[in-house]
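Scroll down for the structure; my scribbles are underneath it.
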Amino acid sequence: MADEVKLLGSCKSPFSRRVEIALKLKGASFELSDLDVFFSKPPELLQHNPVHKKIPVLLHRGKAIAESLVILEYVDEVWSSSGIRLLPEDAYERAMARFWAKFFDDKCIQPLWMSCWTKGDMQKHLLEESKLHLTTMEGALKDKKFFGGEEIGLVDIVVLCSVYWAQIAQDVFKVDVISEEKHPILCRWMKEITNSDVLKDCLPPRDELFLVFQTNKDDIAALMTARYGSN
Ligand SMILES: N[C@@H](CCC(=O)N[C@@H](CS)C(=O)NCC(=O)O)C(=O)O
């Protein structure tokens with residue numbers, strides 16, 4: 001139990017991957033409990049995240065922490081002396097990183113993701129919304145190498161996972177959500193970050209995720225539309 005670290009997550013989840021990346025960047029060893037959470041709720045998940053019933057949940061020294069942004073900050077604090085810092089040292093810069101991570105989660109994820117899985121007017125509306133908010137995110141990046149400046153930080157990890165997943169989903173559904181033309185700054189950043197020495201082995205192989213989406217696309221689209229609205 002001393003420093004036992006277990007992640008209730010899934011290799012198919014971008015939120016879970018945020019935490020995996022953070023733990024890897026810190027050099028922390030952990031066990032991944034790969035759960036299937038969409039069509040059933042494993043008892044382990046209900047026990048440790050009774051409020052949201054979602055992955056990821058980090059179990060550390062027998063205590064559970066839920067919500068990926070909360071977990072990332074926890075990881076940064078607990079493993080403060082190892083690996084890279086996820087949040088900046090400067091208080092203002094730290095506040096800004098929290099602001100952009102929250103903006104991304106609150107405003108960008110749903111339209112970005114759902115515009116891949118919907119059709120018709122709803123898809124048109126979501127594509128507009130996604131374009132607007134991702135352009136705002138590009139404003140936060142401007143001519144910086146990473147959201148974290150010269151180094152990869154918390155916002156980079158947060159945005160990376162969702163954009164990587166969405167770029168694969170958009171290819172499955174042949175939708176133009178993120179392209180060089182629409183989001184040149186974000187695409188430039190994606191190339192930089194996915195090729196960086198620090199992160200290049202931290203993402204799941206593209207072909208594997210493509211196959212998961214391709215194989216399950218009707219089920220996932222039905223689930224998403226049932227949850228977030230009809231076409
Ligand atoms: N705000 C949460 C979102 C987590 C989330 O949506 N997890 C998904 C997997 S990608 C999940 O557990 N879904 C199960 C469900 O919605 O029933 C976080 O940042 O951790």
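For ligands, and for the atoms within them, numbers begin at 1 and follow the listed sequence. Every value quoted in this text rests on a predicted model; they were computed, and no experiment measured them.
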Residue pairs fulfilling ring-ring contact (aromatic ring centres under 6.0 Å, His included) with at least one residue in residues 64-84, sequence neighbours excluded: H60-Y74, H60-W79

Report yes if D105 has an N/O atom closer than 3.5 Å to an N/O atom of ligand 1; otherwise report no. no

Structural part of H52 in contact with ligand 1, heavy atom criterion under 4.0 angstrom: neither

Interatomic distance, CG@D76 vs CG@L87, rounded to 0.5 Å, equals 5.0 Å

Would you say I55 has any N or O atom under 3.5 Å from an N or O of ligand 1, going by distance alone? yes

Do R18 and D105 sit within salt-bridge range, that is, some charged N less than 4.0 Å from a carboxylate O? yes

Are any of the N/O atoms on K53, whether in the backbone or the side chain, positioned under 3.5 angstrom from an N/O atom of ligand 1? no

Considering the heavy atoms of S13, write down every atom of ligand 1 situated less than 4.0 Å from one of them. 9 (C), 10 (S)

Who's the nearest protein heavy-atom neighbour of atom 19 (O) of ligand 1, and how far? S68 OG, 2.6 Å

Atom 1 (N) of ligand 1: the protein heavy-atom neighbour that sits closest, reported with distance to 0.1 Å: E67 OE1, 2.9 Å

Counting non-hydrogen protein atoms only, what is the nearest one to atom 16 (O) of ligand 1? Give residue, atom name and distance. R227 NH1, 2.6 Å

In plain terms, say whether E151 and R85 are close enough for a salt bridge, that is, a side-chain N and a carboxylate O under 4.0 Å apart. no

By number and element, which atoms of ligand 1 are closer than 4.0 Å to a non-hydrogen atom of P56? 20 (O)

Heavy atom of the protein closest to atom 13 (N) of ligand 1 (residue, atom name, distance): F38 CE2, 3.9 Å

Which one of F213, F15, Y164 satisfies the ring pair (Phe, Tyr, Trp, His ring centres under 6.0 Å) criterion with W113? F213

Of W189, F104, F99, the residue whose pairing with F147 passes ring pair (Phe, Tyr, Trp, His ring centres under 6.0 Å): W189

If you measure from the Lys or Arg side-chain nitrogens to the Asp or Glu carboxylate oxygens, is any gap between K24 and D201 under 4.0 Å? no

Thinking salt bridges, do E180 and K191 make one under a 4.0 Å N-O criterion? yes

Do any N/O atoms on K41 end up under 3.5 angstrom from N/O atoms on ligand 1? yes

